[in-house]
Q: 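What follows is a structure written as structure tokens; I'll ask about it next.
If you're wondering where the values come from, they're calculated on a predicted model, not measured in any experiment. Reckoned from all heavy atoms, side chains included, excluding hydrogens, waters and symmetry mates.
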Amino acid sequence: MNEEYKKWALVTGGSKRIGATIVRTLHNNGFNVAIHYNSSSDAADQLCAELNAKREDSSIAIGADLIDQNSLDNLIPSLIETTQRLDVLVNNASTFYPTPIEKITLEDWENLLGTNLKAPLFLSKYATQYLKQSKGSIINIIDIHSKKPLKEHPIYGSAKSGLAMLTRSLASDLAPDVRVNGISPGLILWPENNPSEKAKNNILQQIPLKKIGASEDIANCVMFLIEDAPYITGEIIAVDGGRSMGW
């Protein structure tokens, strides 16, 4: 087997939307890919079959509830049993929903902090020894609203701000063996609840390029940070059409 095709990447939340695009892009660029999913097992299995049809034994689907500590603790060890190595960890999985201050519950706190901050921390912890061996990298998918609050999202914003600091902290702690960077998407896909046309137009007016981005914009930035940026670590790149300029 060509050495290029022995490299393995793990993408959390990799079965749908931006995650699935990242998975396909990594695979198209020679990586074998582990597709993590929580509840989207059918989508993960379909994507896995699609990639394996292109290149045999090049993809696996691995389920885990990142809120559950036992599942979180076992994800990387279970992966390594199959792959024997890990070259890239993409912490993409995220929970996103509003939490008006008067309605916040402990469950909201545990859910939003769990997926957006706790899971990337512990997955990085368990992945570090393997990433050091492969001189690999970690990519954290953050959010431009880690810098500027999004109305009625105090927990989500705090979690993503924490993920930004975690990115820089790990970049310092894991150098020179492992590079750690982040990507902060702006408006890439409309939320699944599909806002009104008026709301969409209001948002578009805040974007200098006057358009939403594409999942490929994030996936291509992931590939850049992995393959073409050997002297970049601890950086967070905004992919947002200019929306966060001046924030």
Q: Can a donor-acceptor pair be found between the side chains of Lys6 and Gln84 at a distance below 3.5 Å?
A: no
Q: Can you name the side-chain contact (heavy atoms from CB on, under 4.5 Å) partners of Thr83, sequence neighbours left out?
A: Trp8, Ile60, Leu79, Ile80
Q: Using only heavy-atom distances, determine whether the side chains of Ser59 and His27 contain a donor-acceptor pair under 3.5 Å.
A: no
Q: If hydrophobic clusters are built from ILVMFWY residues whose side chains come within less than 4.5 Å, do Leu150 and Met165 share one?
A: no
Q: Could you walk me through whether Arg24 and Glu50 pass salt bridge (Lys or Arg N to Asp or Glu O under 4.0 Å), step by step?
A: CA-CA 10 Å; Arg24 288 190 176 96; Glu50 171 193 323; 2.9 Å; yes
Q: Is Leu47 reachable from Leu189 through a run of hydrophobic residues whose side-chain heavy atoms are each under 4.5 Å from the next?
A: yes
Q: For residues Ile141 and Ile212: do they belong to one hydrophobic cluster (side chain heavy atoms under 4.5 Å, members Ile, Leu, Val, Met, Phe, Trp, Tyr)?
A: no
Q: Distance check, rounded to the nearest 0.5 Å: Leu204 atom CG versus Lys210 atom NZ?
A: 8.5 Å
Q: In Å and rounded to the nearest 0.5 Å, what is the CG to NZ distance from Asn202 to Lys198?
A: 6.5 Å
Q: Taking a hydrophobic cluster as the set of Ile, Leu, Val, Met, Phe, Trp and Tyr residues connected by side-chain heavy atoms closer than 4.5 Å, whether directly or through intermediates, do Phe122 and Tyr37 fall within one such cluster?
A: no
Q: Short question: side chain of Ser124, backbone of Pro120 - any donor-acceptor pair under 3.5 Å?
A: yes
Q: Between Asn140 and Thr167, do the side chains contain a donor N or O and an acceptor N or O under 3.5 Å apart?
A: yes
Q: Can you tell me how far CG of Leu72 sits from CG of Leu123, rounded to the nearest 0.5 angstrom?
A: 5.0 Å
Q: How are the rings of Phe96 and Tyr156 set relative to one another: parallel (under 30°), tilted (30 to 60°) or perpendicular (over 60°)?
A: perpendicular
Q: For the side chain of Ser134 and the backbone of Leu86, is there at least one donor-acceptor N/O pair under 3.5 Å apart?
A: yes
Q: CG/Leu51 to CD1/Ile35 distance, rounded to the nearest 0.5 angstrom?
A: 5.0 Å
Q: Tell me the closest heavy-atom pair linking Pro154 and Ile104, and the distance in Å.
A: CG-CD1, 3.9 Å
Q: Go through the side-chain N and O atoms of Ser244 and Asp240 and say whether any donor and acceptor fall under 3.5 Å apart.
A: yes
Q: Hydrophobic clusters join Ile, Leu, Val, Met, Phe, Trp and Tyr when side-chain heavy atoms are under 4.5 Å apart, directly or via other members; which others share one with Tyr231?
A: none
Q: Quick one: does any side-chain atom of Asn52 pair with a main-chain N or O of Ser58 as donor and acceptor, under 3.5 Å?
A: yes
Q: Please check: side-chain N/O of Asp45 versus main-chain N/O of Ala61, any donor-acceptor pairing under 3.5 Å?
A: no
